[in-house]
Visitor: 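Below: one structure in structure tokens.
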Amino acid sequence: MSEVKITLPDGSARTYPAGVSGMDIAKSISEGLARNALSIEVDGEIRDLSRPIEQDASIRIFTWNDKGGKYAFWHSSAHLMAEALEALYPGVKFGIGPPIENGFYYDVDLGDLAFGEDDLAKVEAKMIELARQNNSFRRREVSKSEAIEYFTKKGDPYKIELLKDLTDGSITFYEQGNFTDLCRGPHIPTTGYVKAVKLLNVAGAYWRGNEKNKMLTRIYGITFPKQKELDEYLLMLEEAKKRDHRKLGRELELFAFSEKVGMGLPLWLPKGTVLRERLEQFMRKAQVKAGYDPVVTPHIGSKSLYVTSGHYEKYGKDSFQPIHTPDVTEEFLLKPMNCPHHCEIYKVKPRSYKDLPIRLAEFGTVYRYEQSGELHGLTRVRGFTQDDAHIFCRPDQVKEEFIKVIDLVLHVFTALGFENYTAQVSLRDPANKEKYIGEDALWDRAEREIQEAADERGLKTVAVKGEAAFYGPKLDFMVKDALGRSWQLGTIQVDYQLPQRFELEYVGSDNQKHQPVMIHRAPFGSLERFVAVLIEHCAGNFPVWLSPEQVAVLPISERFNDYAASVINELRSRDIRGILDDRDEKIGRKIRDAEVKKIPYMLIVGEKEAQEQKVAVRKHGAGDQGSVSLPDFIATFNKEFAMPV
RNA sequence: GCCGGGGUAGCUCAGGGGUAGAGCAGCUGAUUCGUAAUCAGCAGGUCGUGAGUUCAAAUCUCAUCCCCGGCUCCA
């Protein structure tokens with residue numbers, strides 16, 4: 001009998017009879033590994049543990065602790081849910097059912113059946129019942145004709161559509177219990193591995209993600225090998241909800257929405273405005289240092305401005321419609337972008353190559369008509385303020401300028417403690433070139449320059465096709481919110497198109513006219529979205545320098561209100577934002593209220609403090625810190641109160 | 001925009017054909033207090049909005065607006 005050499009992740013090799021299964025190997029290594037093994041990677045391909053290995057190979061056995069193990073687990077769970085659905089709702093048609101980052105979903109066509117949240121519990125129960133049957137997932141290779149015949153008989157049109165894109169020889173079925181699905185795999189050994197099931201929600205999803213197609217019902221779920229892990233996950237979700245910026249925004253009185261003002265149009269309350277203005281000041285400082293010139297432009301612009309820029313053609317019909325004047329020939333648009341205005345600033349006078357780069361910065365408030373279903377707290381709104389700037393530079397300066405902007409973005413992220421961001425190079429979709437304007441050569445050049453600049457700063461980037469702006473590729477900085485949803489914050493974009501459309505030029509050293517290149521950039525992205533993500537990032541416990549209220553002075557009783565007032569006045573004279581709680585309440589109550597408001601420092605003053613001219617310092621979330629004189633308190637924490645440089 | 005789920009007091013929520021409820025917040029009074037909720041009283045809602053069914057609608061029907069979870073979109 002022939003043998004195969006199996007190389008393990010630690011580099012050691014073992015010999016097994018040819019046709020050995022992943023599970024056999026796991027058993028030969030340890031009982032525990034065999035018990036926890038979910039899938040196996042064989043020469044880079046993730047497979048079922050049951051598949052025989054016929055040739056020498058490097059392997060890695062995946063457990064719940066590996067992404068490859070979890071994915072197999074959740075993929076199998078999707079099949080289990082499908083089996084349950086088919087048992088409960090005969091005739092249900094299946095789309096796709098993949099594992100996702102946290103769990104899995106299956107897109108199904110339930111015909112006329114209205115499937116609501118109430119049905120989820122029923123399906124959950126059925127899934128548990130089927131899991132207990134501990135059926136094996138069996139893999140079977142089928143021919144294309146056989147597969148089509150099967151799904152034709154079963155009446156599953158979506159599967160047949162999927163099969164059309166597959167070629168003979170690569171088609172496999174997986175069966176467990178009474179359920180058979182077209183599937184590439186891999187799967188866990190049996191359904192019995194699934195011990196805990198939670199179906200989270202139902203949502204509509206267009207077949208194949210195309211809004212022209214039929215909308216299927218998408219059921220999201222998550223499963224675990226242990227009930228305890230599910231309980232922990234659900235608890236984690238509860239905790240995440242407490243960080244939701246919409247909830248904290250209301251509780252901390254940062255912002256609000258009003259139906260009367262209009263959906264997606266945030267109202268910044270006094271405390272939110274402090275926070276926002278501190279961020280603006282921080283950025284202004286950094287930009288002055290980096291050689292930017294602040295400018296201000298109006299909130300509306302003549303329609304022709306956007307016809308020139310191309311925005312009107314691209315977005316005009318889906319946007320806020322033009323504003324009319326008594327003179328019917330005039331039309332203005334609420335500005336959806338600041339760049340056209342800035343182009344016109346560039347054009348106010350002839351520019352020399354010696355003037356470049358010119359960096360025009362503006363906290364520009366823009367308005368975009370987002371679809372109603374898209375609005376989401378502060379992260380997706382219809383009116384927002386970008387920390388926008390446009391850099392007009394010579395072609396030979398693009399990379400250097402781009403790198404400087406990356407540094408600025410990283411400076412912001414570092415100052416605010418964002419460590420878990422992804423840098424995404426957003427490229428054209430080569431299959432849909434009509435979505436973009438401009439020549440191929442310029443696009444290629446811009447895409448190359450972005451990648452080079454990112455590499456030069458050592459950024460780990462992910463390139464995503466089809467995410468570019470219509471006028472150019474971007475480098476986007478993505479951050480996740482409390483519930484794991486990804487949002488774009490900072491963005492840097494190279495643009496050769498607008499300079500062309502606006503006929504921007506400069507006189508070169510050769511005394512000839514040349515076209516500058518534009519770099520659009522916004523390190524925050526928008527103040528609104530940035531604040532939203534910041535709130536969730538720090539759960540409302542802002543860095544002290546950003547905190548709307550930095551210190552609460554809490555007199556023990558009315559008798560010490562005068563001393564407390566002198567303390568708060570001294571703080572305010574040092575530009576420290578404080579409140580005085582001189583209500584007729586007990587100190588425990590005042591402390592509790594200040595804690596709930598997440599005020600970083602509480603200064604408690606009573607008999608002793610008034611006599612000794614001290615303050616009793618209490619830190620939010622950390623408790624009593626002892627008494628010091630007020631000047632000592634200010635000196636000790638001054639760094640925290642001041643804006644970082 | 002599409003699919004599903006929701007809108008009851010400022011907030012969190014109960015009530016599901018028969019005169020609108022609680023806790024917290026608010027106001028008034030008492031209390032003058034040492035590190036996360038003092039006590040008492042009062043006030044507060046055309047039950048998102050508009051139609052319809054009914055003797056009677058917060059409750060049932062329809063429409064509409066807004067919110068929530070996704071999908072599509074995102075200059």
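For the numbers below, each heavy atom of this structure counts, side chains included, while hydrogens, waters and symmetry mates do not. Remember, it's a predicted structure, so these values are computed and weren't measured experimentally. By convention in this document, chain letters (A, B, ...) are assigned in the order of the sequence lines, proteins followed by strands, and residues within each chain are numbered from 1.
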Visitor: Given that both distances must come in under 3.5 Å, which nucleotide forms a Watson-Crick or G-U wobble pair with rU12(B)?
Guide: rA22(B)

Visitor: Any strand counts, and the cut-off is 3.5 Å on both contacts for Watson-Crick or G-U wobble. Which nucleotide pairs with rU32(B)?
Guide: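 In the structure as shown, rU32(B) has no Watson-Crick or wobble partner.
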
Visitor: Work out how far the P atom of rU59(B) is from that of rU8(B), and round it to whole angstrom.
Guide: 13 Å

Visitor: With a 4.0 Å cut-off on N to O distance, would you call R428(A) and D440(A) a salt bridge?
Guide: yes

Visitor: When Y601(A) is tested against each of E640(A), E549(A), Q550(A), H620(A) for side-chain hydrogen bond (donor to acceptor under 3.5 Å, both in side chains), which residue passes?
Guide: E640(A)

Visitor: Do R208(A) and D165(A) sit within salt-bridge range, that is, some charged N less than 4.0 Å from a carboxylate O?
Guide: yes

Visitor: So, using side-chain contact (heavy atoms from CB on, under 4.5 Å) as the criterion, who are the partners of V295(A) when residues are at least two apart?
Guide: H342(A), I345(A), L360(A), E362(A)

Visitor: Between K480(A) and E101(A) (salt bridge meaning N to carboxylate O under 4.0 Å), is one present in this structure?
Guide: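 E101(A) and K480(A): salt-bridged.
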
Visitor: Does any nucleotide pair with rG52(B) by Watson-Crick or G-U wobble geometry, both distances under 3.5 Å, and what is it?
Guide: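 The answer is rC60(B), by the H-bond criterion.
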
Visitor: Between the protein and nucleotides 67-71 of chain B, which nitrogen or oxygen pairs are less than 3.5 angstrom apart?
Guide:
{"unit_1": "rC68(B)", "atom_1": "OP1", "unit_2": "R246(A)", "atom_2": "NH1", "d": "3.2"}
{"unit_1": "rC68(B)", "atom_1": "O3'", "unit_2": "R246(A)", "atom_2": "NH1", "d": "3.4"}
{"unit_1": "rG69(B)", "atom_1": "OP1", "unit_2": "R246(A)", "atom_2": "NH1", "d": "3.1"}
{"unit_1": "rG69(B)", "atom_1": "OP1", "unit_2": "R246(A)", "atom_2": "NH2", "d": "2.7"}
{"unit_1": "rG69(B)", "atom_1": "OP1", "unit_2": "R485(A)", "atom_2": "NH1", "d": "3.3"}
{"unit_1": "rG69(B)", "atom_1": "OP2", "unit_2": "R246(A)", "atom_2": "NH1", "d": "3.1"}
{"unit_1": "rG69(B)", "atom_1": "OP2", "unit_2": "H376(A)", "atom_2": "ND1", "d": "3.4"}
{"unit_1": "rG69(B)", "atom_1": "O2'", "unit_2": "N201(A)", "atom_2": "ND2", "d": "2.9"}
{"unit_1": "rG69(B)", "atom_1": "N2", "unit_2": "V202(A)", "atom_2": "O", "d": "3.4"}
{"unit_1": "rG70(B)", "atom_1": "OP1", "unit_2": "R485(A)", "atom_2": "NH1", "d": "3.2"}
{"unit_1": "rG70(B)", "atom_1": "OP2", "unit_2": "R485(A)", "atom_2": "NH1", "d": "3.3"}
{"unit_1": "rG70(B)", "atom_1": "O3'", "unit_2": "Y220(A)", "atom_2": "OH", "d": "3.1"}
{"unit_1": "rG70(B)", "atom_1": "O2'", "unit_2": "Y220(A)", "atom_2": "OH", "d": "3.3"}
{"unit_1": "rG70(B)", "atom_1": "N2", "unit_2": "G204(A)", "atom_2": "O", "d": "3.3"}
{"unit_1": "rC71(B)", "atom_1": "O4'", "unit_2": "G204(A)", "atom_2": "O", "d": "3.0"}
{"unit_1": "rC71(B)", "atom_1": "O2'", "unit_2": "Y206(A)", "atom_2": "N", "d": "3.1"}
{"unit_1": "rC71(B)", "atom_1": "N4", "unit_2": "E374(A)", "atom_2": "OE2", "d": "2.8"}

Visitor: Within the sub-3.5 Å range, which N or O atoms of nucleotides 32-35 of chain B have a protein N or O partner, and how far apart are they?
Guide:
{"unit_1": "rU32(B)", "atom_1": "O2", "unit_2": "E558(A)", "atom_2": "N", "d": "3.0"}
{"unit_1": "rU32(B)", "atom_1": "N3", "unit_2": "E558(A)", "atom_2": "OE1", "d": "3.4"}
{"unit_1": "rU32(B)", "atom_1": "O4", "unit_2": "E558(A)", "atom_2": "OE1", "d": "3.3"}
{"unit_1": "rU32(B)", "atom_1": "O4", "unit_2": "E558(A)", "atom_2": "OE2", "d": "3.1"}
{"unit_1": "rU32(B)", "atom_1": "O4", "unit_2": "D584(A)", "atom_2": "OD2", "d": "3.4"}
{"unit_1": "rC33(B)", "atom_1": "OP2", "unit_2": "R559(A)", "atom_2": "NH1", "d": "2.8"}
{"unit_1": "rC33(B)", "atom_1": "N4", "unit_2": "D584(A)", "atom_2": "OD1", "d": "2.6"}
{"unit_1": "rG34(B)", "atom_1": "O6", "unit_2": "E607(A)", "atom_2": "N", "d": "2.8"}
{"unit_1": "rG34(B)", "atom_1": "O6", "unit_2": "K608(A)", "atom_2": "N", "d": "3.0"}
{"unit_1": "rG34(B)", "atom_1": "N1", "unit_2": "E609(A)", "atom_2": "OE1", "d": "2.8"}
{"unit_1": "rG34(B)", "atom_1": "N1", "unit_2": "E609(A)", "atom_2": "OE2", "d": "3.4"}
{"unit_1": "rG34(B)", "atom_1": "N2", "unit_2": "E609(A)", "atom_2": "OE1", "d": "3.3"}
{"unit_1": "rG34(B)", "atom_1": "N2", "unit_2": "E609(A)", "atom_2": "OE2", "d": "2.5"}
{"unit_1": "rU35(B)", "atom_1": "O2'", "unit_2": "R618(A)", "atom_2": "NH1", "d": "3.1"}
{"unit_1": "rU35(B)", "atom_1": "O2", "unit_2": "R618(A)", "atom_2": "NH1", "d": "3.2"}

Visitor: With nearest nucleotide decided by heavy atoms, which residue, S319(A) or R250(A), maps closer to the 5′ end of RNA chain B?
Guide: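 Taking each residue's closest nucleotide, the earlier one in sequence belongs to R250(A).
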
Visitor: Rounded to whole Å, please give me the gap between CZ in R583(A) and P in rA30(B).
Guide: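 That distance rounds to 18 Å.
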
Visitor: Considering heavy-atom distances to RNA chain B, does P336(A) or E595(A) have its closest nucleotide positioned more toward the 5' end?
Guide: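 Upstream on the strand: E595(A).
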
Visitor: Both distances under 3.5 Å, Watson-Crick or G-U wobble: report the partner of rC73(B), or none.
Guide: none

Visitor: Between rU19(B) and rA56(B), how far apart are the two C1' atoms, rounded to whole Å?
Guide: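 Nearest-Å result for rU19(B) against rA56(B) at atom C1': 11 Å.
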
Visitor: What is the separation between atom CG on D476(A) and atom C1' on rA75(B), rounded to the nearest whole Å?
Guide: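 Roughly 12 Å, once rounded to whole Å.
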
Visitor: Counting Watson-Crick and G-U wobble pairs only, both distances under 3.5 Å, name the nucleotide matched with rG41(B), or none.
Guide: rC27(B)

Visitor: Going by the rule side-chain contact (heavy atoms from CB on, under 4.5 Å), which residues pair with N102(A) if we only count those two or more places apart in sequence or in a different chain?
Guide: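 Here the qualifying residues are I222(A), Y233(A).
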
Visitor: What is the distance, to the nearest angstrom, from the CG atom on L269(A) to the P atom on rC11(B)?
Guide: 13 Å

Visitor: Using a cut-off of 4.0 Å on non-hydrogen atoms, how would the nucleic acid contact of E259(A) be classed: base, sugar-phosphate, or nothing?
Guide: sugar-phosphate

Visitor: On a whole-Å scale, what distance lies between the C1' atoms belonging to rA58(B) and rG1(B)?
Guide: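 That atom pair is separated by 31 Å.
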
Visitor: Can you tell me how far P in rG52(B) sits from the matching atom in rG70(B), rounded to whole Å?
Guide: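 Rounded to whole Å, the distance is 39 Å.
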
Visitor: Please state the C1' separation for the pair rG18(B) and rU54(B) - nearest whole angstrom.
Guide: 12 Å

Visitor: Quick one: the side chain of R589(A) and the base of rA37(B), do they pair up donor-acceptor inside 3.5 Å?
Guide: no

Visitor: Return yes if a side-chain donor-acceptor contact under 3.5 Å exists between R501(A) and Y471(A), otherwise no.
Guide: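 Note: R501(A) and Y471(A) side chains miss the donor-acceptor criterion.
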
Visitor: Could you tell me how far apart Q371(A) (CD) and rG1(B) (P) are, to the nearest whole angstrom?
Guide: 8 Å

Visitor: Using purine N1 to pyrimidine N3 plus N6-O4 or O6-N4 for Watson-Crick, or N1-O2 and O6-N3 for G-U wobble, both under 3.5 Å, which nucleotide pairs with rG7(B)?
Guide: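 Check on rG7(B): paired to rC65(B), both distances under 3.5 Å.
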
Visitor: Name all residues meeting the side-chain contact (heavy atoms from CB on, under 4.5 Å) criterion together with V462(A); count only those two or more places apart in sequence or in a different chain, and write none if there are none.
Guide: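 If we apply the side-chain contact (heavy atoms from CB on, under 4.5 Å) test to V462(A), skipping adjacent residues, the hits are T422(A).
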
Visitor: Could you let me know what rC47(B) is paired to, Watson-Crick or G-U wobble, both distances under 3.5 Å, or none if it's on its own?
Guide: none

Visitor: Which residue pairs pass the salt bridge (charged side-chain N to carboxylate O under 4.0 Å, His left out) test with at least one member in residues 602-614 of chain A, sequence neighbours excluded?
Guide: R559(A)-E607(A)

Visitor: Would you mind reading off the distance between Q488(A) atom CD and rC74(B) atom C1', rounded to a whole angstrom?
Guide: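 Going from CD in Q488(A) over to C1' in rC74(B) covers 9 Å.
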
Visitor: Distance check, C1' atoms only: rC65(B) and rG26(B), in whole angstrom units.
Guide: 29 Å

Visitor: Using the C1' atom in both, what is the distance from rC73(B) to rG17(B), to the nearest Å?
Guide: 44 Å

Visitor: Separation of D593(A) atom CG from rC24(B) atom P, in whole Å?
Guide: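 That distance rounds to 13 Å.
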
Visitor: Mind checking the CD-NZ spacing from E86(A) to K93(A)? Nearest 0.5 Å is all I need.
Guide: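 Result: 11.0 Å between the selected atoms.
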
Visitor: Round to the nearest Å and state the distance from I219(A) atom CD1 to rC3(B) atom P.
Guide: 17 Å

Visitor: Ignoring hydrogens and angles, tell me if any N or O in the side chain of R529(A) forms a donor-acceptor pair with the backbone of Q488(A) under 3.5 Å.
Guide: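 Yes, R529(A) side chain to Q488(A) backbone: donor-acceptor pair under 3.5 Å.
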
Visitor: I'd like the C1' distance from rA9(B) over to rA14(B), given in whole Å.
Guide: 13 Å

Visitor: Rounded off to whole Å, could you give me the CZ-to-P distance for the R368(A) and rG1(B) pair?
Guide: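 It is 19 Å, rounded to the nearest whole Å.
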
